[in-house]
Amino acid sequence: MTERLRILQLMSSRHYVGEAAHVIELSDALRQRGHEVRLILREGSSAVAEAAARGLPHQNAFRPRFFSPARWWADYRVLRQAIQEFKPDIIHAHRSKEHWLAAATIAMMKGTKPALLRTRHVM
């Protein structure tokens, strides 16, 4: 086996379809390969139930709004704390809001910083 990685998956989708299904399937497969995976999911999303059913470690955090600096600040604090506690090697963002939030959070951190990966789920 290759090096065991710590991967933090970010997904703010409302429903368990398309990209959210991809994130759950990917996270489950990575875990089966021996990597440690955690997810930060949208509060109230049906993906939360699927992650729980598969035993994937997750937390409910993202509550995206079109324009809400206060909400973005709250999401930043949640993400920063998750990074400090989990110490991921990779942060994998799946939507634009999560990507920019992760990029800003990483930029403001000191010390060792995780790699940021963005998957764009478009046809």
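We're numbering straight along the sequence, starting at 1.
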Where at least one partner belongs to residues 51-60, residue pairs that pass salt bridge (charged side-chain N to carboxylate O under 4.0 Å, His left out), sequence neighbours excluded: Glu25-Arg54, Asp28-Arg54, Glu50-Arg54
Note, Ile40 side chain near Gln9 side chain (heavy atom, < 4.5 Å): no
Residue Glu43 excluded, over 12 heavy atoms near CD under 6.0 Å: yes
Tyr76: partners by ring pair (Phe, Tyr, Trp, His ring centres under 6.0 Å), with sequence neighbours left out: Trp73
Closest approach of Arg42 to Ser12 (non-hydrogen atoms, all atoms of both residues): CD-O, 3.1 Å
Side chain to side chain donor-acceptor pair (under 3.5 Å) involving Thr119 - partner list, sequence neighbours excluded: His92
Ring pair (Phe, Tyr, Trp, His ring centres under 6.0 Å) partners for His22, two or more places apart: His94, His121
Closest heavy-atom pair and its distance - Ala82, Leu8: CB-CD2, 4.3 Å
Straight-line distance of Gln32 CD to Ser27 OG, nearest 0.5 Å: 11.0 Å
Residue pair Asp89 / Ile7, side-chain heavy-atom distance below 4.5 Å: no
From Leu26 atom CG to Arg31 atom CZ, the distance as rounded to the nearest 0.5 Å: 12.0 Å
Any side-chain heavy-atom pair of Leu10 and Leu79 under 4.5 Å: yes
Polar side-chain atom of Ser46 near backbone of Tyr16 as donor-acceptor pair, under 3.5 Å: yes
Val17 with Val23, same ILVMFWY side-chain cluster at under 4.5 Å: no
Closest approach of Ile90 to Pro114 (non-hydrogen atoms, all atoms of both residues): N-CB, 4.3 Å
Name every donor-acceptor pair, under 3.5 Å, that has one atom in a side chain of residues 101-113 and the other anywhere in the protein, sequence neighbours excluded.
residue, atom, partner, partner atom, Å
Thr105, OG1, Leu101, O, 2.7
Lys113, NZ, Ile106, O, 3.3
Lys113, NZ, Met109, O, 3.0

Glu36: side chain to side chain contact (heavy atoms under 4.5 Å, CB included) partners, not counting sequence neighbours: Arg4, Arg6, Arg38, Phe86
Pair Arg118-Ser96, side chain to side chain contact (heavy atoms under 4.5 Å, CB included): steps then yes or no: CA-CA 8 Å; Arg118 163 83 195 269; Ser96 185; 4.0 Å; yes
Nearest-0.5 Å distance that lies between atom OG in Ser45 and atom NE2 in His58: 9.5 Å
Co-membership, hydrophobic cluster, residues Trp100 and Ile91, 4.5 Å side-chain: no
